[in-house]
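Only one structure is covered here, and it is reproduced in the block below.
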Amino acid sequence: MGRYVARRLLQMIPVFIGSTLLIFAMMYALPGDPVRALMGEQQFDPAILEAKRHELGLDLPLWHQYLNYLGGLVQGDFGTEIASGLPIADTISRAFPVTIRLTIFAFTFTVVVGIGLGIVAGLKPESVRDRGLLGLTLVLISMPSFVLGYLLQYLFAFQLQLITPTVQDSESFGDLALPAIVLGSLSLAYVARLTRTSMAENLRADYMRTAVAKGLPRRRIVGVHLMRNSLVPVVTFLGTDIGNLMTGAIVTEGIFNVQGVGDAIYEALFRREGATVVGIASLIVLVYLLCSLLVDLLYAVLDPRIRYA
């Protein structure tokens, strides 16, 4: 197991470098000049602009700028914002915990409700509750998150007046409840369908017939034999879905005015602060990679037949 983990950690290095290089190149290719945007509408001597670009290292080739970024990243330095002169790490430390909190809330909602609905429907395939679940999840999959967000915002905030239209306190789980439900709804639909399908297939498996023939209690048959095997594909989806929730939070945060990563990325793109976008994206890439490793390790817990040499 230790060798497997070490090998996977080493494999993450080229993946991380390739991903961040691609994001860095995309920001480099965006039209516009961050130094010129910093100066505003005023006219400046081109020599002053060139001196500022040289000071910030923006006149260097792409590969040189990227190596400088990686060198600072290894030391925990994400760089400095051009407009404000503040460390990018301060922006990330202010915005990232809010998005993490929203993502954890949405992920918990997805796991509890999605797997619960999938179990209820999967134990009785082709029943009324099964068809009802398929219909509900089809609606959630077909509806974009911004449509669902505005719909629930209109219903609960303006019609029923149960909540405020926007989040007033990003540290309050009560205020983050509705944005988390909107954020996790699409994932919930996929998790419920995947759980339902996996359980329906495993109910017809030979090992289930053997367990029933042995006279094992139904709770043990469902909880140990059926659930452990049915959750393997669900765990695979949930592992990659954490990163999807973090990136999908950008739209949800904009709808509910959550001061998280989405707001920070929007402001950075508006000001052409490419280093800020790359820094946030780098952390999201790390989350993806670590979740992928965790999912692979959970396979051995759920299925005893899986062993890592």
Side-chain angles (χ1 to χ4, degrees), residues 4-30 34 57 62-81 87-107 110-111 145 183-184 186-187 190 235-254 258-299:
Y4 174 79
V5 174
R7 186 168 65 251
R8 284 297 306 273
L9 291 175
L10 290 176
Q11 291 173 352
M12 288 181 183
I13 297 176
V15 175
F16 177 79
I17 293 176
S19 302
T20 52
L21 177 59
L22 178 61
I23 298 169
F24 196 91
M26 293 173 63
M27 295 305 304
Y28 185 87
L30 283 178
L62 172 63
W63 64 269
H64 199 165
Q65 292 186 41
Y66 179 70
L67 289 180
N68 291 340
Y69 171 75
L70 277 185
L73 194 62
V74 171
Q75 302 174 22
D77 180 15
F78 288 88
T80 305
E81 292 185 345
I88 296 175
D90 292 349
T91 301
I92 295 177
S93 63
R94 183 180 66 254
F96 216 75
V98 177
T99 300
I100 290 292
R101 195 177 299 114
L102 178 61
T103 301
I104 291 175
F105 203 156
F107 183 76
T110 299
V111 172
S145 59
L183 178 60
L186 178 61
S187 300
Y190 285 119
V235 168
T236 303
F237 175 82
L238 289 174
T240 58
D241 190 55
I242 295 179
N244 294 333
L245 289 175
M246 293 187 66
T247 53
I250 296 175
V251 177
T252 307
E253 288 176 359
V258 180
Q259 304 300 312
V261 166
D263 181 71
I265 291 179
Y266 174 79
E267 292 293 334
L269 289 173
F270 183 77
R271 300 192 308 265
R272 285 287 281 111
E273 296 280 359
T276 303
V277 179
V278 175
I280 295 175
S282 298
L283 289 180
I284 295 178
V285 169
L286 282 177
V287 171
Y288 264 108
L289 294 175
L290 292 177
C291 289
S292 176
L293 175 61
L294 181 60
V295 166
D296 287 344
L297 296 179
L298 283 177
Y299 286 157

Quiz item: In Å and rounded to the nearest 0.5 Å, what is the CD1 to CG distance from Ile92 to Leu283?
Solution: 5.0 Å

Exercise. Quick one: closest heavy-atom pair of Leu62 and Ala25, and the distance?
Key: CD2-CB, 4.1 Å

Quiz item: Atom OG1 of Thr99 and atom CD1 of Ile104: how far apart are they, to the nearest 0.5 Å?
Solution: 11.0 Å

Quiz item: Considering only heavy atoms from C-beta outward, does the side chain of Ile280 approach that of Thr91 to under 4.5 Å?
Solution: no

Practice problem: Output all residues satisfying ring-ring contact (aromatic ring centres under 6.0 Å, His included) with Phe16, sequence neighbours left out; order by chain, then residue number. | Solution: none

Practice problem: Could you tell me the separation between the CG atom of Leu183 and the OG1 atom of Thr103, rounded to the nearest 0.5 Å? | Solution: 6.0 Å

Quiz item: Taking all atoms of both residues into account, what is the closest heavy-atom pair of Gly184 and Ala106, and its distance?
Solution: N-CB, 4.0 Å

Quiz item: How long is the gap from CG on Leu21 to CE on Met26, to the nearest 0.5 Å?
Solution: 11.5 Å

Self-check item: Main-chain N/O of Asp90 paired to Ser93 side chain as donor or acceptor, under 3.5 Å
Solution: yes

Self-check item: Heavy-atom pair of closest approach, residues Ala275 and Ile88
Solution: CB-CD1, 3.4 Å

Exercise. Enumerate the residue pairs fulfilling side-chain hydrogen bond (donor to acceptor under 3.5 Å, both in side chains) with a member in residues 281-291, sequence neighbours excluded, ordered by first and then second residue.
Key: Tyr69-Ser282, Asn244-Tyr288

Quiz prompt | Over all atoms of both residues, closest heavy-atom pair of Met12 and Leu289 | solution = CE-O, 3.2 Å

Quiz prompt | Value rounded to 0.5 Å, distance of CZ in Phe105 from CG in Leu245 | solution = 13.0 Å

Quiz item: Is the backbone N or O of Ala268 less than 3.5 Å from a side-chain atom of Thr276, with the two atoms forming a donor-acceptor pair by type?
Solution: no

Exercise. Would you tell me whether Thr20 and Tyr66 have side-chain atoms, one donor and one acceptor, within less than 3.5 Å of each other?
Key: yes

Quiz item: Roughly how far apart are Ile284 CD1 and Ile265 CD1, rounded to 0.5 Å?
Solution: 5.5 Å

Self-check item: Thr252 and Val258: CA distance, side-chain angles, deciding distance, side chain to side chain contact (heavy atoms under 4.5 Å, CB included) verdict
Solution: CA-CA 8 Å; Thr252 307; Val258 180; over 6 Å; no

Practice problem: Of all the heavy-atom pairs spanning Leu102 and Glu253, show the shortest one and how long it is. | Solution: CD2-CG, 4.0 Å

Exercise. Give the intermediate values and the outcome of side chain to side chain contact (heavy atoms under 4.5 Å, CB included) for residues Leu293 and Leu9.
Key: CA-CA 8 Å; Leu293 175 61; Leu9 291 175; 3.9 Å; yes

